[in-house]
Amino acid sequence: KTALSSLIRNLKKKKIVSVTCYNNLSQSHSRSGGSMKGHESKMARMEDILNLPVQDPPCAEFSAAHITWVKVEGGRQGGDDIALIPFSRVDDFVKGESSKAECPASFRIESRRKRSEGSISKPRVDGYLEYTLYWCSYGPEDYRDCESGLGDGSNFKPATGKGSRPGRRHMMRGCLCHFTVKRLYTRPLLALIIYNQRKHVDKTGSPCHGILDQDAVGTRAMYAPRISEELRQKVMSMLYVGISLDNIIQHHMEVVQGHGGPHNRDDFLTRNDVRNIERVIRNTSHEVHIDDACSVKIWVQRHQKHVFYFQDASASEPFILGIQTDWQLQQMLRHGQNGSVASHSTFGSKKLKYPLSTLLVFDSSRNAIPVAWVITSSLTGQDIHKWVGSLAERLRTKDSRWRLNAFLVDDPSFGFSVIRDAFQCRVLLCVWHVRRAWIRSLLKTCCNIDIQREMFKHLGWILCSSRSVPNVMDAVQEFMEVFVDQSAFMDYFKSQWSPYIESWVSCIRSLPVAGPEPHAAIESYHRRLKYKLLNDQYANFWPRIDWLIHTLTTEFHSLYWLDQYTVETGYFSNLRDESFSTNAWYQALHIPDNDVILDEQNLQVAKVISQTDRNLAYTIWNPGSEFSLCDCHWSNLGNLCKHVIKVAMMCKNRQVARPLLAAQIYRQTLLSLLHNPPDDPVVLDHAILCTTRLQQDIKGWEDLSNSGLLQHLPPELNSQMADNTLLFARSH
């Protein structure tokens with residue numbers, strides 16, 4: 001018994017040593033990578049998926065090669081590769097997987113299921129809100145040998161049990177590559193990717209399409225089975241602007257020849273491809289349901305990737321729909337980077353069912369490009385906090401380094417702090433809407449040109465009321481008494497502007513004002529939008545939101561796409577809308593400085609020599625202000641002309657106006673600190689920190705001024721704002 005007990009003890013000791021050595025060896029093998037290949041990591045159980053890192057590659061589109069995969073141990077997904085990514089980047093992953101050079105593909109949605117929140121009391125760790133199965137379009141069926149009668153009858157029925165797809169028999173090559181995307185129930189912002197088969201192979205394990213498939217060499221199976229979504233949208237835009245099928249094919253052939261012949265499926269664009277797209281356009285109607293609200297919901301469901309925010313109307317909540325196409329997103333990322341975004345709000349409030357607001361960026365030709373549309377049943381400024389964060393997050397998801405320099409608002413009701421928090425940028429006030437409305441009303445109601453100019457100048461003074469008139473309504477009353485004989489304009493002003501003038505003045509006192517340069521670009525967009533949407537021939541459609549959405553995202557969207565495409569490539573210049581090349585801001589840049597006659601000692605008037613008739617000179621009254629007027633034909637129609645903008649640029653360049661408001665405040669703050677240094681070292685450190693931040697802000701304002709976006713304020717308002725801001729700085 002003693003010997004047996006000793007033997008058992010020795011065996012136990014040996015087992016412990018063996019197990020310890022085996023565990024150490026396994027851990028060492030795992031750290032070194034072992035037999036794992038590529039980006040795969042050690043086996044994990046499905047219960048541990050929420051502990052996996054969320055991977056968000058910095059590139060615009062990414063594939064499986066950019067992700068570190070983990071193999072699942074056990075369960076229904078045993079042996080599959082899994083990874084977590086942001087749900088908002090699923091489309092980028094699908095595009096990246098479809099663009100592999102060695103095996104171009106097109107992944108279709110084979111099946112999809114959805115659940116509503118709260119439908120499961122105890123969800124699994126991999127439980128889903130949305131379940132989507134993506135399968136390579138070259139499978140799963142295999143019809144390569146069907147026509148010759150050599151195929152296996154079992155291949156005729158697809159693995160998914162959906163029956164045959166006779167319309168796609170010619171492209172079915174038995175590819176088994178597929179993956180599943182689950183929008184997690186417990187974490188809706190994340191997507192779990194389960195890659196069931198990462199290789200594009202058939203059931204024998206051999207490559208079945210792409211350059212690795214010897215049988216596919218020299219055939220279209222070398223390329224993706226369908227044209228890309230980018231080419232599809234390009235062809236649709238061409239068709240919407242009226243380019244014929246023959247011209248589209250001819251243009252495409254020239255482009256392909258220009259880069260040395262066909263390289264991918266897009267290069268094999270055929271007439272049938274264009275005809276199919278043309279048929280889709282012809283059969284598409286804005287009215288997908290007789291009820292407008294239902295029609296809008298159906299559109300939102302079908303175009304989810306173009307919707308960055310949606311809130312259906314209810315008894316307590318307004319209707320809000322934010323739209324941004326992929327092309328608009330690209331333009332906002334491109335032209336908004338270290339640039340400016342301007343708002344064009346409450347368009348069509350008198351005719352459309354709900355007003356339309358647009359976010360605009362400015363391209364190299366100083367044209368305003370619409371990069372987002374917001375349709376809401378309430379005032380835009382009241383609900384901006386609901387959708388602006390979603391838009392900013394959408395941009396940062398695409399490019400985390402994207403930064404905006406300034407946001408121009410044209411409505412005092414906008415939540416300025418919300419915009420600052422969302423975009424981390426400066427907010428400027430743009431008074432283009434006020435200027436345009438006032439001057440056009442004056443032109444209609446007042447026939448005397450001299451009185452028009454005096455009234456317009458006086459209105460500008462009211463908007464920038466000085467410290468000597470603390471009550472803005474006193475200034476309004478004085479204006480009405482001086483021009484009491486202009487009863488038609490006074491009736492308009494009382495009804496349309498008197499209730500809001502105080503909010504405008506208050507906003508101007510608290511925000512820097514944008515210069516007149518962007519006004520011209522915004523006005524150009526406004527005229528084009530008005531011509532397209534508010535034409536009387538569409539009056540029957542104004543009460544329907546689905547018509548507005550359809551028109552914006554098809555015909556109107558295509559106009560701006562064609563303009564940018566023409567600028568970038570030079571093609572179809574004969575079809576370009578002339579209004580894009582007659583932007584007053586862009587034209588002002590081409591007026592020589594020598595053609596501007598500006599007397600710095602008398603800034604009441606300025607002269608600009610005509611570029612077409614050298615014997616003619618136009619007169620600008622109140623130069624350098626957004627309330628300047630010119631006697632040219634374009635200005636007499638109520639528009640902002642190139643002569644007014646050129647003179648404003650000259651006034652800024654010659655520093656005719658007073659120094660920047662930010663520079664004045666900075667100087668006074670420094671003088672205050674020098675004369676009254678705080679005794680408390682903590683307070684002193686805080687003061688130095690605030691001064692440093694103010695110095696950085698001044699540099700930003702100078703950059704905005706150099707770009708033409710910042711307007712110099714009147715001397716009286718400069719003095720008042722400097723005093724108010726200095727008082728605020730001292731109190732803090």
Side-chain angles (χ1 to χ4, degrees), residues 109 112 114 229 232-245 273-315 317-329 344-359 370-378 380 383 387 525-526 528-562 577:
I109 296 177
R112 172 177 284 171
K114 291 185 178 181
E229 184 63 23
R232 178 182 173 84
Q233 293 298 325
K234 175 181 176 181
V235 173
M236 290 186 72
S237 297
M238 291 181 178
L239 292 171
Y240 273 120
V241 297
I243 301 177
S244 65
L245 184 149
D273 292 328
V274 180
R275 288 194 186 99
N276 290 336
I277 298 174
E278 194 174 29
R279 188 181 304 110
V280 170
I281 294 176
R282 188 167 55 250
N283 296 334
T284 300
S285 171
H286 69 272
E287 189 174 329
V288 296
H289 194 281
I290 191 172
D291 181 68
D292 185 45
C294 293
S295 185
V296 171
K297 291 179 183 178
I298 294 173
W299 187 92
V300 170
Q301 292 174 356
R302 293 177 178 177
H303 302 83
Q304 290 187 6
K305 64 178 182 179
H306 295 161
V307 177
F308 65 86
Y309 187 85
F310 176 65
Q311 176 180 282
D312 199 8
S314 65
E317 297 292 345
F319 172 88
I320 304 176
L321 175 61
I323 303 172
Q324 185 180 59
T325 66
D326 290 339
W327 181 83
Q328 287 179 309
L329 177 59
H344 174 276
S345 60
T346 61
F347 173 84
S349 56
K350 296 180 180 179
K351 294 185 177 181
L352 300 176
K353 181 178 180 179
Y354 297 148
L356 170 69
S357 296
T358 310
L359 297 186
V371 292
W373 291 299
V374 179
I375 305 171
T376 175
S377 59
S378 64
T380 307
D383 298 310
W387 56 264
Y525 172 80
H526 177 82
R528 195 173 295 113
L529 191 64
K530 184 177 180 180
Y531 173 79
K532 188 63 181 177
L533 297 181
L534 301 186
N535 195 311
D536 289 339
Q537 64 177 322
Y538 304 125
N540 293 334
F541 299 124
W542 291 342
R544 293 192 65 96
I545 298 300
D546 57 1
W547 171 82
L548 175 61
I549 296 171
H550 180 77
T551 305
L552 288 173
T553 56
T554 55
E555 300 176 28
F556 194 69
H557 181 277
S558 299
L559 289 176
Y560 283 88
W561 175 90
L562 178 65
D577 189 340

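All residue numbers refer to positions in the sequence shown, counting from 1.
Of all heavy-atom pairs spanning D326 and H306, the tightest one is N-CD2, 4.0 Å. Taking every heavy atom of both residues into account, W542 and N535 meet most closely at CZ2-O, 3.4 Å. For the pair S558 and T554, the tightest heavy-atom approach, listed with the atom from each and the gap, is OG-O, 2.6 Å. Nearest approach of V288 to R302, heavy atoms of both residues: CG1-NH1, 3.8 Å. Across all their heavy atoms, S345 and S357 have their closest contact at CA-OG, 3.4 Å.
Between the SG atom of C294 and the CD atom of E287 there is a distance of 11.5 Å, given to the nearest 0.5 Å. Taking OG1 of T553 as the reference point, atom CH2 of W373 lies at 7.0 Å (rounded to 0.5 Å). Taking CG of L552 as the start and CD of Q328 as the end, the distance is 9.0 Å to the nearest 0.5 Å. Note: Y354 OH to I320 CD1 = 11.0 Å, rounded to the nearest 0.5 Å. The CD1 atom of I277 lies 6.5 Å from the CG atom of D273; values are rounded to the nearest 0.5 Å. Put simply, OH on Y531 and CZ on F556 are 12.0 Å apart, with the number rounded to the nearest 0.5 Å.
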Query - Residue pair Y525, T358: steps toward the side-chain hydrogen bond (donor to acceptor under 3.5 Å, both in side chains) verdict - result: CA-CA 10 Å; Y525 172 80; T358 310; 2.9 Å; yes
Report task. Any chance you could lay out the side-chain contact (heavy atoms from CB on, under 4.5 Å) test for I323 and L321, step after step, and finish with the verdict? Result -> CA-CA 6 Å; I323 303 172; L321 175 61; 3.9 Å; yes
Query raised in the report: Are L356 and L529 close enough, and set up right, to give a side-chain contact (heavy atoms from CB on, under 4.5 Å), and what steps lead you there?
Result: CA-CA 10 Å; L356 170 69; L529 191 64; 3.9 Å; yes
Requested in this report: Applying side-chain contact (heavy atoms from CB on, under 4.5 Å), run through K532 and E555 and close with a yes or a no.
Outcome: CA-CA 9 Å; K532 188 63 181 177; E555 300 176 28; 2.7 Å; yes
Query raised in the report: So V296 and F319, side-chain contact (heavy atoms from CB on, under 4.5 Å) or not? Walk me through it.
Result: CA-CA 11 Å; V296 171; F319 172 88; 4.0 Å; yes
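Evaluation of the ring pair (Phe, Tyr, Trp, His ring centres under 6.0 Å) rule for F308 yields no partner, not counting sequence neighbours.
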Taking only distance into account, with no hydrogens and no angle test, what donor-acceptor pairs under 3.5 Å do side-chain atoms of residues 232-242 form with protein atoms, sequence neighbours excluded?
from: Q233; atom 1: NE2; to: E229; atom 2: OE2; distance (Å): 2.9
from: K234; atom 1: NZ; to: Y565; atom 2: OH; distance (Å): 3.0
from: S237; atom 1: OG; to: Q233; atom 2: O; distance (Å): 3.0

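When atom types are taken as modelled, the side chain of D292 and the backbone of D546 share a donor-acceptor pair closer than 3.5 angstrom. With E317 contributing its side chain and D312 its backbone, the two residues share no donor-acceptor pair below 3.5 Å. In this structure, the side chain of S295 does not engage the main chain of D291 through any donor-acceptor pair within 3.5 Å.
Ring geometry for H557 versus W327: interplanar angle over 60°, hence perpendicular rather than tilted (30 to 60°). Taking the six-membered ring for Trp and thresholds of 30 and 60 degrees, F347 and H526 have ring planes more than 60 degrees apart, a perpendicular arrangement. Below 30°, between 30° and 60°, or above 60°: for H286 and F541 the angle between ring planes is above 60°, a perpendicular geometry. In this pair, W299 and H303 present their aromatic rings parallel. The plane angle is below 30°, not in the 30 to 60° band.
With a 4.5 Å cut-off on side-chain heavy atoms, I375 and L548 count as touching. Under the 4.5 Å side-chain criterion, counting only non-hydrogen atoms from C-beta, W547 is in contact with L352.
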